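Only one structure is covered here, and it is reproduced in the block below.
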Amino acid sequence: MATEWGARCSGWPQTGILKLGMQADLIFLRLHEPDFQPLISTSDFSDVLQNLIFDGRSEWIEHVMVAGNWKVKNRQLCGLDETQLIAKQRQLMKKLVAETLK
């Protein structure tokens with residue numbers, strides 16, 4: 001429901017599934033984290049989505065793939081310089097504050 005059928009309901013029938021030739025946006029979660037518990041998953045019931053929605057934490061994210069490219073692998077940014085991103089963010093925030101206080 002959260003992927004294929006959610007995409008169809010949103011009017012995007014060509015998304016929400018993993019299929020050869022389609023782009024993949026994936027998030028790999030650390031389901032073994034203590035605060036993700038209780039983790040109940042049977043053939044008739046699962047509380048994984050409920051736990052994620054109500055108690056989700058960034059610490060649970062292990063890997064992120066966007067359009068088939070790794071963005072985070074083993075909790076480390078891929079292809080991005082975090083120091084440069086933080087410096088750019090500070091620069092933009094200074095500019096925003098200066099313009100707001102004029």
Side-chain angles (χ1 to χ4, degrees):
M1 277 179 52
T3 55
E4 181 179 2
W5 288 101
R8 286 183 186 185
C9 290
S10 298
W12 304 322
Q14 297 301 316
T15 63
I17 56 175
L18 291 175
K19 184 177 174 184
L20 187 63
M22 297 183 76
Q23 294 186 358
D25 294 348
L26 304 170
I27 296 175
F28 297 80
L29 301 173
R30 300 165 56 115
L31 300 180
H32 63 278
E33 292 292 322
D35 51 1
F36 203 110
Q37 308 307 316
L39 185 59
I40 303 167
S41 187
T42 69
S43 60
D44 298 323
F45 175 81
S46 174
D47 68 348
V48 172
L49 188 56
Q50 176 180 319
N51 289 357
L52 182 61
I53 290 170
F54 291 115
D55 297 316
R57 295 180 172 88
S58 61
E59 296 85 21
W60 296 354
I61 299 172
E62 186 74 20
H63 313 294
V64 176
M65 179 182 280
V66 176
N69 298 306
W70 291 111
K71 299 299 180 182
V72 176
K73 188 122 187 211
N74 298 318
R75 303 191 46 80
Q76 300 295 316
L77 289 174
C78 298
L80 297 171
D81 184 338
E82 192 170 0
T83 304
Q84 283 183 334
L85 290 174
I86 292 169
K88 182 67 173 177
Q89 177 196 29
R90 287 183 180 149
Q91 178 186 21
L92 291 171
M93 287 305 296
K94 285 180 184 178
K95 181 179 178 184
L96 176 66
V97 170
E99 291 178 6
T100 303
L101 297 177
K102 283 184 182 178

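On a predicted model such as this, the values are computed, not experimentally measured, just so you know.
- Membership of the apolar cluster around Phe45 extends to Ile40, as traced through chained side-chain contacts below 4.5 Å between ILVMFWY residues.
- In this structure, the side chain of Glu99 does not engage the main chain of Lys94 through any donor-acceptor pair within 3.5 Å.
- A distance-only check finds a donor-acceptor pair linking the side chain of Thr42 to the backbone of Asp44 [under 3.5 Å].
- Nearest approach of Ala7 to Thr15, heavy atoms of both residues: CB-OG1, 3.1 Å.
- More than 12 heavy-atom neighbours from other residues, nucleotides or ligands sit within 6.0 angstrom of CG on Leu101.
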* **Verdict with supporting geometry, Val64 and Leu26, side chain to side chain contact (heavy atoms under 4.5 Å, CB included)** => CA-CA 6 Å; Val64 176; Leu26 304 170; over 6 Å; no
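- Considering CD of Gln76 and CD of Glu62, their distance stands at 10.0 Å, rounded to 0.5 Å.
- In this structure, CG on Leu80 lies 9.0 Å from CD on Glu82, to the nearest 0.5 angstrom.
- Note that CG of Leu85 and CZ of Arg90 are 12.0 Å apart. Values are rounded to the nearest 0.5 Å.
- For the atom pair Glu4 CD and Lys19 NZ, the distance stands at 9.5 Å (nearest 0.5 Å).
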* To do: Test Asp55 against Trp60 for side chain to side chain contact (heavy atoms under 4.5 Å, CB included), laying out the working first.
  => CA-CA 10 Å; Asp55 297 316; Trp60 296 354; 4.0 Å; yes
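- Legend: residues meeting side-chain hydrogen bond (donor to acceptor under 3.5 Å, both in side chains) with Glu33, ordered by chain and number and at least two apart, are Arg30.
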* **Check against side chain to side chain contact (heavy atoms under 4.5 Å, CB included), Leu77 and Lys71** => CA-CA 6 Å; Leu77 289 174; Lys71 299 299 180 182; over 6 Å; no
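- Taking each heavy atom of Asp25 and Ala67 in turn, the nearest pair found is OD1-N, 2.6 Å.
- Between the CD atom of Gln84 and the CD1 atom of Ile86 there is a distance of 11.0 Å, given to the nearest 0.5 Å.
- Taking Arg75 as the reference, nothing meets the salt bridge (Lys or Arg N to Asp or Glu O under 4.0 Å) condition, with sequence neighbours excluded.
- Taking all atoms of both residues into account, the shortest heavy-atom contact from Ser41 to Ser46 is OG-OG, 3.9 Å.
- In this pair, Phe28 and His63 present their aromatic rings perpendicular. The plane angle is above 60°, beyond the 30 to 60° band.
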